[in-house]
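Just so it is clear, the structure is predicted and the values come from calculations on it, not from any experiment. Quick note on labels: first sequence line is chain A, next is B, and so on, each numbered from 1.
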Amino acid sequence: MSLQISIDGHSLSVEKGKTILQVARQNGIDIPTLCDLPGLASHGSCRMCIVEIQGRPNTPTACTTLVEEGMVVQTDSPNVQALRTELLKLLLSEHPSGCLICSEKSHCDDCMVTLRKTGVITGCRSCPQDGQCQLQVLADRFGLTEVGYPGRYRMLPVEKNDPFFDRDYNLCVLCGRCVRVCEENHFLSTLTMVSRGTDVIVGTAFGQTHLEAGCSFCGACVEVCPTGTLSEKTRKWDGKPEREVATTCALCSAGCQIKLLVKNDMVIGSLPDHAGESDMLCVKGRFGITELVNHPTRLEQPVVVNKDGSLPVSWEHAIETAAEKISSCAPGKYGMLISADCSNETLYIAQKFMREVARSSHLQTSSTALYGVGLQAIQRLYGLAQPLSVLREADAILCLGFDGKYAQSVVDVELHRAKRSGAKLITLNAAEHSLSKAADEWLRPDPGEEADLLEMLLESTRSGAGKQQEHLSPAAVHAGQIGRLLLESKRAVILLGPSFLTHPDNLFLLKAVERLVAQIAAQLIILPEPVNLAGAFRTGIVTPATTAGIHDLEVLHLVGETVPPHLPAEPFILYQNIYPPTRDLSSGLVLPAAAFTEEDGTFLDHSGKMRSIQRAVTAPGSALPSWEILCRIAQKLGVAGFDYENAAQIQAEFEKIDFTSADLTVSVPGLLQPGLDVFRWVQREDHAYMGFPLGTWVAGLRMLYPE
Amino acid sequence: MSTLSTPDLAEDLIDLTIFSRQPHQLIPILQYCQSQTGYISRNTVRQIADFLEVSEAHVYGVASFYTQFRFEKPGDHQIRICLGTACHVQGGEILSEEIQKIIGIGPGEISEDNKFEFHEVACLGCCAQAPVVEVDGRIYGKMTRKKLQKVLMGYE
Amino acid sequence: MNKFDSYREEALQKWDSQIVHSELPVIYLGTASCGIAAGALDVLETIQQTLTELGQPARIIQVGCIGPCYLEPIMDIAMPGGPRVSYTNVTPQKAKKILQANLAEGDMASKMAKGHFGDDSFSVRTGIPKFFDLPMLKPQVRVILKNCGFIDPEDGDHYLAQDGYLGFLKVLEAGPGYALEALKESGLRGRGGAGFPAFKKWELARNAQGEQKYVVCNADEGDPGAFMNRALIESDPHAVLEGLLIAGYTVGASQGIIYVRAEYPLAVKRLKKAIAQMRSYGLLGENILGSEFSFDISIKEGAGAFVCGEETALIASLEGKRGMPRPRPPFPSDSGYNGCPTLINNTETFGTVPAIMRNGGEWYQQFGTPGNYGTKTFSLVGKVRNTGLIEVPLGTPLRQVVEEIGGGTELAFKAVQTGGPLGGCLGASQLDTPITYESMRDQGSIMGSGGLIVMDESTCIVDMARYFIGFALRESCGNCTPCRIGTRVLIDRLEKIIRGEGEAHDLDVMRAAADTMVKTSLCGLGQAASNPVSSSLNFFLSEYESHVHDSYCQAGVCKGLFQYVISAERCNGCGVCVKACSSNAIQGKLKELHTLDVNLCTQCHACVEVCTKHAIIGVPLPAETDHLVLSEALQ
């Protein structure tokens with residue numbers, strides 16, 4: 001239904017139920033705001049968006065006033081401008097604003113370079129948000145020349161005891177965005193307004209740290225803060241980013257779309273790519289990337305290692321050495337271990353390399369060891385894998401072994417949202433987890449008894465179940481009730497968390513899941529941790545393995561994996577990774593690889609959807625994408641078909657092979673045979689990238705996941 | 001809800017089941033809890049948050065808005081002086097200074113031995129009897145310095 | 001209907017046999033909070049003891065507030081066959097004497113009596129004036145307070161005997177249309193302060209879309225200095241409840257909520273009792289008195305937030321949230337509690353409704369003036385001689401209230417603060433203003449909920465402004481910029497001025513902050529919070545200027561901005577001040593002029609308090625005084 005109104009003399013036809021602010025924005029009329037945030041309910045506290053409405057007293061706020069037929073609005077009269085300036089002055093009287101109106105402000109940049117790092121913010125020049133602050137924008141817009149009101153500094157200590165971001169509430173303008181985004185968009189409500197009147201301040205219950213208060217460290221509050229009150233620790237003094245690069249986060253299989261913030265050819269931060277349909281990130285993608293890819297110990301040059309020590313060499317020399325070692329290696333004595341964190345391009349090249357260059361079938365990924373005997377089941381289930389968006393229509397959701405407290409907290413939010421839309425949320429988990437309180441039903445088996453409970457659930461969903469109620473334990477009765485609930489649902493979803501997939505009993509569990517999916521006609525979401533597990537299935541890297549051991553290898557090629565702590569015999573190790581090996585090699589080659597922020601490529605996310613990564617910055621030193629290293633070795637060995645100029649060309653090749661077919665059981669033809677031997681000594685850490693636990697580089701994660 | 005959840009609260013366990021689990025019950029629940037234990041402890045906040053299925057921050061944010069709620073254990077004797085307009089005009093502030101001198105603590109404070117707790121409050125609604133002082137719920141009107149000393153001596 | 005009629009019959013009979021034609025003496029004692037504050041409970045104990053000692057049976061009725069609180073504790077005795085005689089400022093000893101005289105000696109102790117409730121001939125015989133002829137009470141018109149001080153608020157039968165619930169019965173019979181018409185004709189305006197026509201609000205709520213509707217009684221009375229609602233609830237709770245019941249029926253609500261502040265425990269207690277009584281009379285629950293109307297009333301206690309007297313903040317508080325006001329529209333009558341149509345009116349508004357329903361809207365027009373019909377209760381407190389709860393027709397000039405009813409001030413009158421902390425001060429030149437919603441506004445103040453705080457020359461206007469802004473500062477919800485920060489700016493400048501460091505520019509800063517607050521605040525609190533400053537700057541600028549330019553506080557309140565001197569004309573050498581002074585600053589022999597040493601004086605005010613002659617006055621400091629040194633010395 002549309003109405004006619006007038007804003008600033010322009011006649012507009014607008015939708016009923018919209019606010020003046022929304023309508024103004026749609027029509028390119030810029031009304032200043034501070035507390036408003038599209039996507040959040042309007043707040044009306046800052047009063048910046050006041051306008052004049054004919055027939056109404058004073059100046060109502062545009063953000064809270066709904067349009068009405070015949071409304072006549074003035075958004076920028078002298079009266080309104082004057083009032084807005086006064087409001088800004090009032091705000092600035094309670095915010096260290098010296099620099100804003102200082103006559104020396106353009107000079108001090110030259111001589112006060114390190115003023116920023118003083119730890120107590122007294123003005124813009126010492127504030128991490130200098131140049132990125134909403135108050136500066138408004139002051140500029142209103143042409144502010146003085147504050148004019150007596151000042152007040154709250155004298156609060158800066159809060160530094162949490163990981164990832166600091167809080168200096170002396171700068172807070174009480175816009176409430178942080179409180180509202182946590183409550184309305186993320187359903188956590190870690191923050192609140194505390195007290196009232198002049199003493200109002202943002203905080204947690206009893207002033208706990210965010211860690212104690214159950215914050216998921218998704219960083220949404222930091223993103224929406226208009227001032228320097230909330231500032232990321234790793235990005236505090238970097239200033240404004242130069243550009244933003246849209247890419248995909250590679251720290252799990254969720255496939256969240258992110259924007260990398262880049263300055264001086266370095267990644268300085270990451271934010272959700274709202275344009276790319278990701279509204280939030282989890283702590284890993286939000287705060288883990290900068291430290292992950294920028295640690296000083298990043299590998300930069302190829303290095304030869306032998307018993308005399310290590311020696312940096314040229315790529316030329318390194319490739320030559322590698323080629324030589326491979327060609328002189330006895331048949332069946334060459335093995336490759338490749339991480340499922342690698343891009344499709346690297347994985348594809350790797351298996352091509354195994355077939356055509358190394359001519360060896362000893363290709364494994366640490367994920368094989370991770371998933372053990374359940375691997376085939378996972379591969380089958382991938383045929384049914386759906387994207388997270390199916391949660392929105394669900395009427396019943398069964399989460400198995402899922403904990404979205406920190407990692408994958410985006411999924412937690414989707415689950416809460418689904419619950420609010422009326423879905424019944426059921427969780428099965430032996431331990432306390434992010435859904436313990438929120439779930440409508442928590443099936444809690446003793447650790448190790450998950451399979452039994454799942455069996456009971458399965459039993460109760462079998463048609464004809466529910467007849468024998470006697471002699472059942474309370475747990476079975478409970479499982480029975482839930483089973484019937486699931487059976488009666490029309491759009492059930494089953495979600496498998498990372499720890500469910502890696503469970504020691506996963507073979508039984510996954511088979512039960514397969515049957516359950518069929519019995520209740522549910523959709524399935526699989527959320528493994530390795531970002532490109534689906535890609536690894538597709539390229540035939542991941543194959544079911546037997547338990548026979550591999551004994552000695554002469555050459556062990558590690559692509560994105562760490563050096564195993566013990567090997568039956570020390571082979572020559574070809575090591576491709578972004579960080580140095582965790583232990584000394586007796587002999588080998590250390591080859592610097594590019595991280596996902598430094599190369600183009602693709603992954604298949606949790607639902608098998610193709611996601612791309614973009615090269616945002618130059619890899620350190622002379623590091624190269626892993627696929628390129630393999631290609632160079634292949635070329636050195638004179639094998640044809642490895643002269644790709646870029647990732648796109650590799651894509652073009654494997655795309656011919658119906659790479660994105662939903663059926664991941666069909667792997668690339670001519671490949672390795674099933675029944676291979678597993679490298680028993682393979683390990684994989686939780687929350688790792690290229691074999692290294694993220695906590696190695698990201699200090700904050702060690703606080704969240706103390707080991 | 002859960003088949004196996006064990007709250008880790010040792011003290012201040014209050015039976016909240018007399019209330020319904022609805023958001024509008026929060027303030028009556030807080031009032032009830034405070035009437036039981038004398039104040040709102042961290043455990044109480046956690047318990048209420050679990051009961052109503054809201055965050056602790058939400059409970060704390062609401063409780064901290066209203067002056068009725070306190071987060072510290074109360075002193076043995078509560079002295080409240082009214083500083084409403086009528087009482088102010090009739091010398092309430094000066095009387096307040098006198099009280100502070102006698103018991104040795106300022107507004108909002110509890111004495112070392114936990115004996116006295118002193119607050120200045122907005123209005124007790126006995127304006128025609130200004131200035132008014134309330135001790136342990138008992139109201140004394142037309143308070144004077146002399147009378148004050150007498151009354152407080154009784155609690156020494 | 002029959003059952004209720006029988007309850008009423010019983011109640012009437014009980015009233016007749018126990019009160020009107022009682023065979024026993026009836027002793028009335030005022031035990032509302034005012035009375036208790038004055039010591040009524042001790043008096044009660046003494047009454048009970050004395051009756052036992054004398055071996056005389058009597059009926060003790062604890063009543064509510066009859067009005068002149070400065071006379072509390074008030075004890076009345078009605079001997080069988082005689083009128084009720086009132087004794088005031090009754091101490092336990094006095095009470096004993098009076099009881100002995102009346103019960104054992106047949107002596108009315110007329111010298112101790114203040115007034116009576118009989119006829120003129122009784123006045124002639126005894127020389128005791130009629131209670132309602134006393135100067136404080138004569139100009140008053142008791143419509144709302146009709147029952148206060150006469151019935152036992154905890155005995156529902158007493159209310160029934162005073163035409164209780166007849167208003168409801170009439171509305172039930174004649175229909176909601178009658179109720180709205182009567183309300184419209186009466187011209188009753190919301191007594192909480194805004195003065196919005198009550199019938200309009202009721203009509204809006206009645207016409208609003210929604211299955212579930214609520215009526216809410218705002219008994220949050222946060223204005224310091226106002227206690228009318230408390231007094232009414234403690235003295236005649238059923239009047240309010242009947243009003244709420246009528247409102248519920250008229251607008252189609254099934255739930256009534258009384259939001260009463262937690263600082264009124266006695267009021268809460270009496271409400272709970274009264275609600276239980278209503279239930280026992282069949283006036284609450286399903287199908288009341290056989291009609292289609294189902295209604296119940298619950299009590300929610302406020303938790304100490306003045307801002308929750310604002311409608312939308314009150315609703316937020318009911319919903320279990322921080323009490324933050326919301327922008328209007330939407331108005332509560334369309335979308336209020338839980339998004340449902342909600343009628344919110346003040347305690348007194350509901351308390352007035354039964355009488356209007358019983359007597360008709362036109363009847364109400366005999367009180368007050370066109371556009372401002374009816375009566376209103378006020379709390380008359382501060383520096384007047386006669387403090388208490390009063391009720392006058394709207395349109396009564398302020399002067400009559402202050403001088404006649406209030407008995408004037410001992411020291412020179414300075415101002416009367418009306419409308420609570422969000423109102424303004426009216427000075428001597430404005431005393432002829434009639435008390436109406438419009439005239440109060442025209443004079444730069446508001447009627448508000450009815451607080452009238454009288455100040456004399458010993459009150460410093462700047463100090464009062466600081467006091468009020470301090471209140472607003474603490475009570476602001478803190479959500480919107482202009483109020484949260486504006487109040488801080490105002491108090492910052494006021495304190496600067498009070499310290500003696502004020503500059504002319506500070507007044508401009510305050511005016512600018514006040515202007516922004518008025519024009520851009522989200523709710524009424526923010527819009528009005530600066531009133532005490534604005535109105536005092538307008539009408540008492542000289543006091544500010546005296547503080548700023550001369551560092552002199554004329555009232556002798558702001559420490560360091562005056563020095564004490566003992567007036568030769570007034571001092572009678574009684575020596576009381578010497579004893580009160582804890583710094584030995586005053587010397588003097590009995591019956592001789594006393595002297596005060598300013599170097600020893602800490603300006604603690606103790607001597608001023610005890611001097612009945614008002615002989616200790618504040619005078620300007622010598623011009624060469626160093627204020628900073630002086631303030632430090634006074635700390």
Side-chain angles (χ1 to χ4, degrees), chain A residues 19 34-35 41-53 56-66 68 79-80 82-95 146-152 154 172-176 179 183 192-202, chain C residues 303-308 312-313 321-330 469-496 503 505-506 508-527 529:
Chain A
T19 63
L34 190 57
C35 70
S42 56
H43 200 46
S45 67
C46 72
R47 318 306 288 171
M48 277 302 159
C49 66
I50 45 172
V51 292
E52 280 172 342
I53 302 177
R56 293 206 192 175
N58 284 338
T59 48
T61 43
C63 64
T64 57
T65 310
L66 294 172
E68 280 174 28
N79 176 41
V80 160
L83 286 172
R84 287 196 195 128
T85 305
E86 288 306 299
L87 288 166
L88 183 62
K89 283 155 99 178
L90 285 172
L91 279 174
L92 293 175
S93 73
E94 300 207 338
H95 181 98
E146 55 145 27
V147 171
Y149 287 111
R152 173 196 178 207
R154 294 190 187 102
C172 180
V173 290
L174 295 166
C175 68
V179 175
E183 184 184 334
T192 180
M193 290 290 186
V194 178
S195 195
R196 69 167 188 236
T198 192
D199 293 329
V200 166
I201 197 66
V202 172
Chain C
F306 168 78
V307 67
C308 288
T312 58
K321 301 179 179 148
R322 289 165 63 85
M324 303 205 309
R326 304 166 184 174
R328 297 183 290 181
I469 300 300
F471 179 83
L473 188 78
R474 283 189 307 275
E475 297 295 337
S476 160
C477 77
N479 192 29
C480 78
T481 309
C483 177
R484 180 184 74 244
I485 306 182
T487 49
R488 193 267 310 164
V489 165
L490 289 175
I491 210 175
D492 183 280
R493 295 295 90 171
L494 285 168
E495 285 177 348
K496 184 173 178 240
E503 299 162 280
H505 178 60
D506 293 329
D508 293 326
V509 169
M510 291 201 291
R511 288 191 184 100
D515 187 57
T516 309
M517 287 168 69
V518 168
K519 290 181 180 167
T520 64
S521 292
L522 190 153
C523 83
L525 192 156
Q527 286 156 12

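Of the possible polar contacts, one joining the Arg322(C) side chain to the Ser195(A) backbone as a donor-acceptor pair under 3.5 Å is found.
In this structure, Pro482(C) and Leu87(A) approach most closely via the heavy-atom pair CD-CD2, 3.7 Å. Closest approach of Ala513(C) to Tyr149(A), counting heavy atoms only: N-OH, 3.6 Å. In terms of heavy atoms, Arg196(A) sits closest to Gly304(C) at NH1-O, 3.0 Å. When all heavy atoms are compared, the tightest approach of Val509(C) to Pro150(A) is CG1-CD, 4.0 Å.
Only the side chain of Pro327(C) comes within contact range of chain A, judged by heavy atoms closer than 4.5 Å. Residue Met48(A) does not touch chain C at all, counting heavy-atom pairs closer than 4.5 Å. Heavy atoms of Arg84(A) lying under 4.5 Å from chain C are absent altogether. For Arg474(C), the part sitting under 4.5 Å from any heavy atom of chain A is the backbone (N, CA, C, O) and nothing else. When heavy atoms are compared at a cutoff of 4.5 Å, Ala472(C) does not approach chain A at all.
Chosen from Ala305(C), Pro329(C), Gly486(C), the residue pairing most often with chain A at heavy-atom distances under 4.5 Å is Ala305(C). The choice from Leu66(A), Asn79(A), Thr61(A), Val194(A) that makes the most heavy-atom pairs within less than 4.5 Å of chain C is Val194(A).
Applying the salt bridge (Lys or Arg N to Asp or Glu O under 4.0 Å) test to every pair with at least one member in residues 485-495 of chain C, sequence neighbours left out, gives these pairs: Glu94(A)-Arg488(C), Arg493(C)-Asp506(C). Residue pairs that meet the side chain to side chain donor-acceptor pair (under 3.5 Å) test with at least one member in residues 513-526 of chain C, sequence neighbours left out, are Asp515(C)-Lys519(C).
Note that OG1 of Thr481(C) and CD1 of Ile50(A) are 10.0 Å apart. Values are rounded to the nearest 0.5 Å. Here CG of Leu174(A) is found 11.5 Å from SG of Cys480(C). Values are rounded to the nearest 0.5 Å.
Contact of the Cys483(C) side chain with the Arg47(A) side chain is not registered, since no non-hydrogen atoms from C-beta on lie closer than 4.5 Å. Here the side chains of His43(A) and Asn479(C) are in contact, with some heavy-atom distance below 4.5 Å. In this structure, Leu522(C) and Ser45(A) have side chains that are not in contact, with every pair of non-hydrogen atoms separated by 4.5 Å or more.
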